[in-house]
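Counting convention: from 1, in listed order, for ligands and their atoms alike.
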Amino acid sequence: MPVTGDRRTFVIGLAGALVTAARRGHGRSAASVYDLRIDPLRLQHSLEKLSTFGRPVGGSFADGVSRVAYSDADVAGRGYVLGLLRAAGLEPGIDAAGNILAVRAGSVPSLKPIALGSHIDSVPNGGNFDGDLGSLAAIEVVQTLQDHAIRTRHPLQVTIWSNEEGGPLGSQIAVEGPHATDLDRNFNGIPLREGLARIGGDSAQLAAARLAPGSTHCYLELHIEQGGTLEKAGIPIGVVDGIVSIDEYSVEIRGVANHAGTTPMPERHNALLAAAKLIEAVQEEVTRTPGRQVGTVGQLTVTPNAPNVIPGFVRHTIEFRDLSASTLAHLGAAIRERAAQIARETGTEITINQVVHDPPALAAAEIQRQIEAAAAALGLRTLHLPSGAGHDAQFLAKIAPMGMIFVPSVGAISHSPKEFTRWSDCANGANVLLQTILRIDAA
Ligand SMILES: [Zn+2]
């Protein structure tokens, strides 16, 4: 549970919210608004209840969930979430992209909404916290404000984005529109058109789901870290600097396929040997300088892929991720140099083409400061870190100032039934979300 922090700084930050509460005649003292906390048991209960939609037959919470987008479990889980939103006094709607949207009116009609949310779809055999925590914490925040009759100045917009694990897709459509190939794609065996219809969307009206740039005051998302940085550091709250940039390359290595028994070693042009050296070079270049940059060779095809033939052709990927686009550019240049040298050594020809360049999605500095201040006032230590995984927030960052709050993942495990975040950490994250919103609202 959170520890009480310095009340004076907090009260100053919350002045706007307090004034609003007082104006509305609820007569609350500064201390009562300052002390506002989510209900940790209610949040735990809703996470446990949501876990039953898509739970393996005969299983328990610990057996995780398969609530892939557009499945019956997804439809049922969304039904549960819609009920929670209605219980919190909201009238949720569903946009053409299948995103669930619910607005709680603010006291100043001219202000743009503060948006908060996440997703409730999962990967197959996934866990009960990825997306679920941020979604249910957003609803818990609104329910808490409702319980205490506190009206924010800005409207609050809770959004449960559809099909995050397949993209993120719902948030992408809301921000960028569908990509040309999206409409023909199948997700978990279900064509997108049919999937959207199953969750109350409409593939023919996707333009109507677009959010205009500047239409949202800011976007906040609470999420589990899905890595081990916070747990290792023993720090309960992560302030996300941004979602990393991804550069992906397609590598083709041409050697000569030949008899594995009759070709002497000095006369070989072994494409797989060149690939092995290049994979090691990726490891060396990425770890050469300190930093959080990562590099991965995760996919490789070998031709002809036979035990008695020297590999004549290899195609593989290289993926680099970091918050800094210039670090990634530097890694790309370094690996091209290494490849040229390896080609000479092995008598092969290596071509490298960049196939993906996803720029970083940076969190707004002002929101990072408000998250830090909210956590400090709750007596919670914070650590800045990048997100190595993609999130709905990466699209929202294109149209509004964005901030993300991370809480520790036990054992750094995610996308697995073993995914777990301590209930106290879930509550801390939700309280930081609540208090960050109140601070932004008052600023
Ligand atoms: Zn997620």
Side-chain angles (χ1 to χ4, degrees), residues 43 46-47 50-51 53-54 64-71 73-74 77-78 80-81 97-100 115-141 158-175 187-188 199 219-231 237-244 246 321 358 360-361 363 385-398 402-421 425-426 429-430 432-433:
L43 177 60
S46 65
L47 277 158
L50 181 58
S51 78
F53 304 101
V65 75
S66 290
R67 195 165 52 245
V68 298
Y70 317 136
S71 64
D74 189 31
R78 289 163 58 89
Y80 172 65
V81 164
N99 300 312
I100 296 173
L116 64 163
S118 194
H119 63 96
I120 65 157
D121 65 303
S122 81
V123 295
N125 303 308
N128 288 313
F129 295 85
D130 176 358
D132 297 4
L133 174 61
S135 298
L136 297 179
I139 298 172
E140 175 60 34
V141 162
V158 176
T159 309
I160 312 300
W161 303 105
S162 71
N163 196 358
E164 193 274 347
E165 298 294 357
L169 193 69
S171 50
Q172 174 216 299
I173 292 173
V175 170
F187 294 91
N188 312 303
I199 61 168
Y219 175 73
L220 283 163
E221 184 167 350
L222 168 66
H223 206 281
I224 57 168
E225 184 197 335
Q226 304 179 280
T229 306
L230 292 173
E231 188 185 45
I237 297 292
V239 182
V240 176
D241 294 316
I243 296 159
V244 297
I246 302 177
R321 300 188 188 211
D358 275 351
L385 75 174
S387 172
H391 295 291
D392 294 303
Q394 79 198 49
F395 285 103
L396 275 296
K398 296 178 187 219
M402 174 277 278
M404 283 194 84
I405 301 158
F406 273 180
V407 286
S409 293
V410 173
I413 297 169
S414 185
H415 282 188
S416 153
K418 291 198 175 70
E419 179 179 280
F420 188 67
T421 292
D425 285 327
C426 293
V432 172
L433 179 66

Does any N or O in the side chain of [X] come within less than 3.5 Å of the main-chain N or O of [Y], such that one atom is a donor and the other an acceptor?
| X | Y | answer |
| --- | --- | --- |
| Asn99 | Ser162 | yes |
| Glu225 | Leu230 | yes |
| Tyr219 | Gly117 | yes |

One checks the Zn ion (ligand 1) and counts protein N, O or S atoms under 2.8 Å, reaching 3
With sequence neighbours left out, the residues meeting ring pair (Phe, Tyr, Trp, His ring centres under 6.0 Å) with Phe53 are Tyr80
For residues 117-126, the salt bridge (Lys or Arg N to Asp or Glu O under 4.0 Å) pairs (sequence neighbours left out) are none
Sorted by chain and number, sequence neighbours left out, side-chain contact (heavy atoms from CB on, under 4.5 Å) with Asp358 holds for Ile246, Val356
